[in-house]
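The next block holds one structure in the form of structure tokens; read it before the comments.
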Number of protein chains: 2
Amino acid sequence: MDSKRYTIQDIAREAKVGVGTVSRVLNNDPNVKEATRLKVKQVIKRLGYQPSFTARSLRTQKSQTIGFIADNVATTPFAVNLIKGAQDAARRHGKLLLIVDAGNDPQLRERALKSMLEREVEGIVYAAMFHQEVVLSAEFRSVPTVLVDCYTRDKSHPSSVPDEVQGGKDATEELIKNKHKRIAIILNSELSSPHPAAKGRYQGYCEALEEANIELDPKLVRTGDGDSALSFKITLELMSLAKPPTAIFCCTDRMAMGTYDALKSLGLSIPQDVSIIGFDNQEVIAEQLHPPLSTMALPHEKMGRWSIDYLLDKSQTSTEQHVFPCPLIKRASIKDLGA
Amino acid sequence: MDSKRYTIQDIAREAKVGVGTVSRVLNNDPNVKEATRLKVKQVIKRLGYQPSFTARSLRTQKSQTIGFIADNVATTPFAVNLIKGAQDAARRHGKLLLIVDAGNDPQLRERALKSMLEREVEGIVYAAMFHQEVVLSAEFRSVPTVLVDCYTRDKSHPSSVPDEVQGGKDATEELIKNKHKRIAIILNSELSSPHPAAKGRYQGYCEALEEANIELDPKLVRTGDGDSALSFKITLELMSLAKPPTAIFCCTDRMAMGTYDALKSLGLSIPQDVSIIGFDNQEVIAEQLHPPLSTMALPHEKMGRWSIDYLLDKSQTSTEQHVFPCPLIKRASIKDLGA
DNA sequence: TTTATAGTTGGAATCGATTCCAAAAATGAA
DNA sequence: TTCATTTTTGGAATCGATTCCAACTATAAA
């Protein structure tokens, strides 16, 4: 398969210079005579020499790699955006990513951490697949670590999370801007659950209503489970209210699927009869739904990018939580009642 | 942050043994007296010593890492299964994965390959996000490379692809087994397109009909574009046929969404009036659809796993194409007409 | 007790780069 | 031409593990 690998010694001998000079050429050290540099470069090219990263790392004590531990990539399609963002940023910095899926198993996570420490990664990004609290072993303190889409109770590591409140508020405001006043919300989990998503989005919903002087009707706030089936049922109930909503804010695109279904089964059309806004911007759903669903996007790619940039920015040492806005993706599921 | 890193010398000194002995303990060499082994292990534990992977790699000339170049992870949710499978297999072999998303850009791909060669990866997995032909630069021949979900025209590398024909055939047979005779198929792309998916699935459809002695009705084979909107239209047309189908095979779960929608808009119910089978097992869709969609799964996780296993199996040297079956995932969108 | 054998152990050499210091070469000033 | 200074160069030492050989110790057999 591969012919013999050349070393810096081979190049030095072939170019009739010292190894130091070759190294200098490799590293673009300015203290090399132009003629010499050329000569060396030619030999390098001719032999197709590839420097050994391993040897370099050993000597310089820099691995140029960053560990990326993901909580459970296979469960959600969001993982890819996170990885893509991190990946892009890493490339810009000339680093490579060592990715491992710890599959939500704390033991696997520790093992992953261990093999990364062995490889002397320059830092670690720990990414959860949905906004949640995590507890990390003390070992994570032995290397710079940043958290994505999660946080530790004691705020021991810098973290990045989506701005659920702003997302919920903007979603609701979009509906209000289109002159909706009876706006239902289907939450994605119990308000009492430990996950910040439902709580934050609901808070945003309340704030938006309040600022618009719309009274909150408790009949219009329902709690689902994130899936379409329950949302279907809830939507049916919502529409059989004496004063049904003109718009529904589904805290999950998956739930919006159920809502679409329920509305259509009632012979109602979207958005003529009822407007819908989702949350998550899960492309497969939002784009394929008929009509395409307006929804709030989760800033996964941005958070992934940020995590690497932040990790490599030596000047940063705080462990604060960075909050990323969720942008509105307008499609066609909202009708302007004022028009 | 991290206190000083200990080296094997520190351990040797502290345990009052030679470095060779420490190394032997580290590598579970049987030729060490039990008492000595214990003594050394204690020191290792006490100091929290982590061997340097870099130094080890340099000496043993084994990087214990495998490069994973993905074509464009962000475009499809399937990437995660591929990564998960590869990841699992790599862990079993004690290897780590260096993952880069080359985003469909040949230049990025070459750069990724180069940084991986520098890091002396033991092999490379090149994964496409849907079954297709790819052309790789000659440089990929300098390191063992295996292809996933794609192939080169000249079959220069071993590759793994899903068995589209079997998938199409099994899907159709499932419908036939449930006593359907008028089975429509909505293809996911032109039969003339270079992508093997539509062609293979269609071939499987034909074979299944033939074996069951059902005559193929050209009116029942339509070509979509993979998305729901067009499938919606096609389904409407299909159902207005003089003799409409009792079952529809959608070559994409996304298209099944459109078909569901169309059927419901006609007041038809699934599966009582029309049975549906999809393809891809895109969980977000198949599980959230109402009723849940029976569909053929793409063997991404298996292919990912295989790619690593095959790469590390030194005995293998062939470059044949390995075909992976697409299993049927039964849910609730098919009615048994015989019952 | 001596000798042969098997079991342990220490440590120099090694992997392939970078780094640093001293030496050599080039340049400029007098 | 000489001397001082700057630029360029060669190569030994280094990073932290593994490997291998020689030396040492323990055990068994004679």
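Letters go in sequence order (proteins before strands), and every chain restarts at 1. The structure presented is a predicted model; accordingly, all values stated were derived computationally and were not measured.
- The phosphate of dT18(C) has OP1 or OP2 within less than 4.0 Å of a side-chain N or O from Ser23(A).
- Trp306(B) places a side-chain heavy atom less than 4.5 Å from the side chain of Val146(B).
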Measure all distances between protein nitrogen or oxygen atoms and nitrogen or oxygen atoms of nucleotides 12-14 of chain C, and list the pairs falling under 3.5 Å.
from: dT14(C); atom 1: O2; to: Arg59(B); atom 2: NH1; distance (Å): 2.8

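- For Thr21(B), counting side-chain heavy atoms from C-beta on, the closest listed nucleotide (dT19(C), dA17(D), dG10(C)) is dG10(C).
- Across all strands, Val32(B) comes closer than 4.0 Å only to sugar-phosphate atoms, never to a base (heavy-atom distances).
- Using a 4.0 Å cut-off, some side-chain N or O of Tyr49(A) falls inside it from OP1 or OP2 of dA17(C).
- In this structure, CD of Glu14(A) is placed 18 Å from C1' of dG10(D), rounded to the nearest angstrom.
- Leu58(B) places its CG atom 13 Å from the C1' atom of dT19(D), with the value rounded to the nearest Å.
- Residue-level contact check: Val22(A) touches neither bases nor backbone, having no heavy atom under 4.0 Å from any strand.
- Contact annotation: Asn27(A) reaches the phosphate of dT18(C) (side-chain N/O to OP1 or OP2, under 4.0 Å).
- Defining each end axis of the helix from dT1(C)-dA30(D) to dA30(C)-dT1(D) as the rotation carrying four pairs' C1' atoms onto the next four, with five pairs an end, the two axes are found to diverge by 40° to 10 degrees.
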Task: Derivation of the side chain to side chain donor-acceptor pair (under 3.5 Å) call for Glu120(A) and Thr54(B) - done: CA-CA 8 Å; Glu120(A) 286 148 299; Thr54(B) 311; 3.0 Å; yes
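- Rounded to whole Å, the distance from CZ on Arg119(B) to C1' on dG16(C) is 16 Å.
- Between Tyr126(A) and Val134(A) there is a side-chain heavy-atom pair separated by less than 4.5 Å.
- Rounding to whole angstrom units, NZ of residue Lys62(B) and C1' of dG16(D) are separated by 19 Å.
- Considering only side-chain N and O atoms, Gln61(B) lies under 4.0 angstrom from the phosphate OP1 or OP2 of dG16(C).
- Nearest-nucleotide positions on DNA chain C place Arg37(B) closer to the 5' end than the other of Gln9(A) and Arg37(B).
- Two residues, Lys33(B) and Ala55(B), neighbour DNA chain C, and the one matched to the more 5' nucleotide by heavy-atom proximity is Lys33(B).
- Between the side chains of Ser137(B) and Glu110(B), at least one donor N or O sits under 3.5 Å from an acceptor N or O.
- Residue Thr60(B) has its side chain nearest to dT19(D) when only dA17(D), dT19(D), dA17(C) are considered.
- Atom CG in Leu38(B) sits about 12 Å away from atom P in dT9(C), given to the nearest Å.
- Put simply, the side chain of Met116(B) does not reach to within 4.5 Å of the side chain of Val143(B), judged on heavy atoms.
- Residues Glu14(B) and Asp10(B) fail the side-chain proximity criterion, which asks for heavy atoms closer than 4.5 Å.
- A donor-acceptor contact under 3.5 Å links the side chain of Arg24(B) to the base of dG11(C).
- Checking dT19(C), dT8(C), dG16(C) against the side-chain heavy atoms of Thr36(B) singles out dT8(C) as nearest.
- You'll find the side chain of Val25(B) stays beyond 4.5 Å of the side chain of Ile11(B), heavy atoms only.
- The CD1 atom of Ile11(B) sits 12 Å away from the P atom of dT18(D) (whole-angstrom rounding).
- A perpendicular orientation is assigned to the rings of His157(A) and Phe140(A), their planes being inclined by more than 60° (bins at 30° and 60°).
- Val125(A) is not listed as a side-chain neighbour of Ile69(A), based on a closest heavy-atom distance of 4.5 Å or more.
- Looking only at side-chain heavy atoms (C-beta outward), Asp88(A) and Glu301(A) come within less than 4.5 Å of each other.
- Look at CG on Asn28(B): it is 11 Å from P on dT18(D), rounded to the nearest Å.
- One atom, CZ of Phe53(A), and another, C1' of dG16(C), lie 13 Å apart when rounded to the nearest Å.
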